[in-house]
Amino acid sequence: MNTKRHERRDETILDPDLPIVDSHIHLFDLPGNRYMVDDYLEDAQGGHNVLAAIYCETQTFARTDGPEHMRPLGEVEFANGVAAMTSTGRYGKCVVGAGIIGHANLTFGAQIGELLDRCMAAAPDRYRGIRHVTLDYPDERPYQFIMTYRPPSGILENPNVPAALAELQKRGLTYDAAIYDPSLPRLTEIVDQFPDLTIVLNHIGNFVGVDMDPSERSEAFARLSTNLKELAKRPNVVCKVGGLGMPTLGFGFEKKDAESTYLDLAEAFRPHVELAVEAFGTDRCLFESNFPPDGRSGGFIPTLNAYKHILRDLTPDEKLDVFARNAARVYNLDIPGL
């Protein structure tokens with residue numbers, strides 16, 4: 001994996017005492033692509049005050065046998081073990097996996113109810129919901145950067161999806177929505193069917209801007225802005241603010257030999273962060289590092305500094321909401337120190 005995550009570890013930490021609940025991280029161990037709990041702790045405990053992290057699925061620790069709809073249970077068991085280990089304090093103050101977002105295949109419909117019950121039983125203090133990556137795009141541009149697996153197309157159009165989401169809603173679990181930005185209108189249609197389901201939009205809608213000329217990029221961002229603001233009218237939707245270091249956005253940091261400073265990253269990220277705050281308000285925005293995928297654009301230290309710099313004019317209460325309290329509230333977590 002081409003990564004810049006070790007860059008600029010000596011960069012001065014902005015607002016070092018600000019508590020952070022990182023609402024979105026991944027752990028996996030694949031050939032040539034390893035990022036495990038020791039790696040995240042090295043990043044998270046490099047100077048920023050990261051108290052806890054939400055584990056989000058990648059299917060890499062799913063079971064390899066048994067009924068297909070039940071295989072994601074293995075990853076929940078793995079994440080719960082990581083959380084049990086880090087919650088002892090032996091490895092520092094950061095609890096990795098304080099909340100767990102597992103996988104569930106929505107095309108199985110109501111059948112996922114069995115999986116949800118088993119996951120809730122396996123990790124009753126930490127399991128909070130599911131994510132099913134649904135990345136549809138009209139051409140191949142964004143798919144070259146996928147780190148783990150490419151999902152089939154058309155998942156959100158599958159007739160079984162509403163029955164699956166109903167199983168989440170009845171259990172009070174959350175649905176993390178990972179899409180590319182052209183699917184925002186379709187996601188909005190689905191949200192309208194489930195007003196009592198908390199839906200967590202990943203990566204500010206996952207804008208695709210790679211391999212675009214300035215005119216095409218401007219049109220794409222205008223479309224993102226319109227669609228994101230329409231989705232944000234639904235009060236049961238919250239937005240993870242992050243994911244902007246992925247190469248799909250087209251900033252090109254992954255191609256540069258020079259190290260990315262927090263000011264470099266902030267300049268590129270600012271329009272997306274400001275759009276998210278404008279659309280959702282500071283009470284429905286959750287900071288996410290999205291590491292290690294975002295490590296392809298810059299180090300963990302400057303990446304978090306970039307978001308702090310962009311949001312530096314928020315009030316202290318607003319900062320605490322965006323960087324910590326909102327994630328704890330949405331995922332129903334009791335985080336010491338908040």
Side-chain angles (χ1 to χ4, degrees), residues 24 26 56-76 100-120 127-143 145-208 223-224 227-228 230-232 234 236-240 243 248:
H24 196 102
H26 303 292
C56 192
E57 64 84 32
T58 60
Q59 296 194 56
T60 52
F61 294 100
R63 293 182 176 182
T64 56
D65 55 14
E68 186 178 352
H69 72 285
M70 295 297 295
R71 292 182 184 181
L73 176 60
E75 187 171 20
V76 172
I100 298 170
I101 305 304
H103 176 74
N105 188 330
L106 298 176
T107 67
F108 282 113
Q111 195 175 4
I112 73 163
E114 180 185 6
L115 169 66
L116 302 179
D117 290 338
R118 288 288 301 278
C119 290
M120 293 172 74
Y127 184 70
R128 293 296 181 262
I130 70 101
R131 183 177 80 151
H132 188 177
V133 173
T134 57
L135 300 178
D136 287 326
Y137 201 75
D139 58 51
E140 290 294 306
R141 275 180 284 190
Y143 298 115
F145 301 113
I146 290 178
M147 294 181 70
T148 52
Y149 66 95
R150 176 175 174 172
S153 61
I155 293 171
L156 292 182
E157 304 300 331
N158 188 290
N160 292 330
V161 166
L165 294 177
E167 295 296 315
L168 290 169
Q169 183 171 264
K170 71 171 66 172
R171 289 169 174 80
L173 297 171
T174 62
Y175 168 48
D176 265 57
I179 60 174
Y180 285 139
D181 67 281
S183 295
L184 281 166
R186 175 57 183 151
L187 180 62
T188 302
E189 293 174 353
I190 292 172
V191 170
D192 286 339
Q193 299 176 53
F194 296 96
D196 297 322
L197 174 63
T198 296
I199 295 176
V200 185
L201 179 68
N202 290 185
H203 317 325
I204 320 178
N206 220 355
F207 178 73
V208 176
R223 179 189 65 212
L224 170 72
N227 292 337
L228 196 70
E230 181 61 31
L231 176 64
R234 283 70 181 168
N236 58 317
V237 182
V238 299
C239 180
K240 287 184 177 179
T248 46

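When reading the values below, keep in mind they use all heavy atoms of this one structure, side chains included, and skip hydrogens, waters and symmetry mates. Computed from a predicted model, the values in this text were never measured in an experiment.
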Are [X] and [Y] packed together at the side-chain level, in the sense that at least one heavy-atom pair is separated by less than 4.5 angstrom?
X: Phe194; Y: Asp196; answer: no
X: Leu184; Y: Asp181; answer: yes
X: Thr58; Y: Val133; answer: no
X: Leu187; Y: Asn227; answer: no

Could you pull out all donor-acceptor pairs under 3.5 Å where a side-chain atom in residues 106-118 meets a protein atom, sequence neighbours excluded?
residue	atom	partner	partner atom	Å
Thr107	OG1	Asn105	OD1	2.5
Gln111	NE2	His69	ND1	3.4
Glu114	OE1	His69	NE2	3.0
Asp117	OD1	Arg171	NE	2.7
Asp117	OD1	Arg171	NH2	3.4
Asp117	OD2	Arg171	NH2	3.2

Any idea which heavy atoms bring [X] and [Y] closest together, and the distance?
X: Gln169; Y: Leu197; value: OE1-N, 3.2 Å
X: His103; Y: Pro72; value: O-CB, 3.1 Å
X: Gly102; Y: Tyr127; value: N-CE1, 4.0 Å
X: Asp136; Y: Gly154; value: OD1-N, 3.0 Å
X: His24; Y: Asp176; value: ND1-OD2, 4.2 Å

- prompt: Is the shortest side-chain N to carboxylate O distance from Arg71 to Glu75 below 4.0 Å?
  reply: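 No salt bridge links Arg71 with Glu75.
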task: Please check if the side chain of His26 supplies one atom and the backbone of Cys56 the other of a donor-acceptor pair under 3.5 Å.
output: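 Yes; at least one donor-acceptor contact below 3.5 Å.
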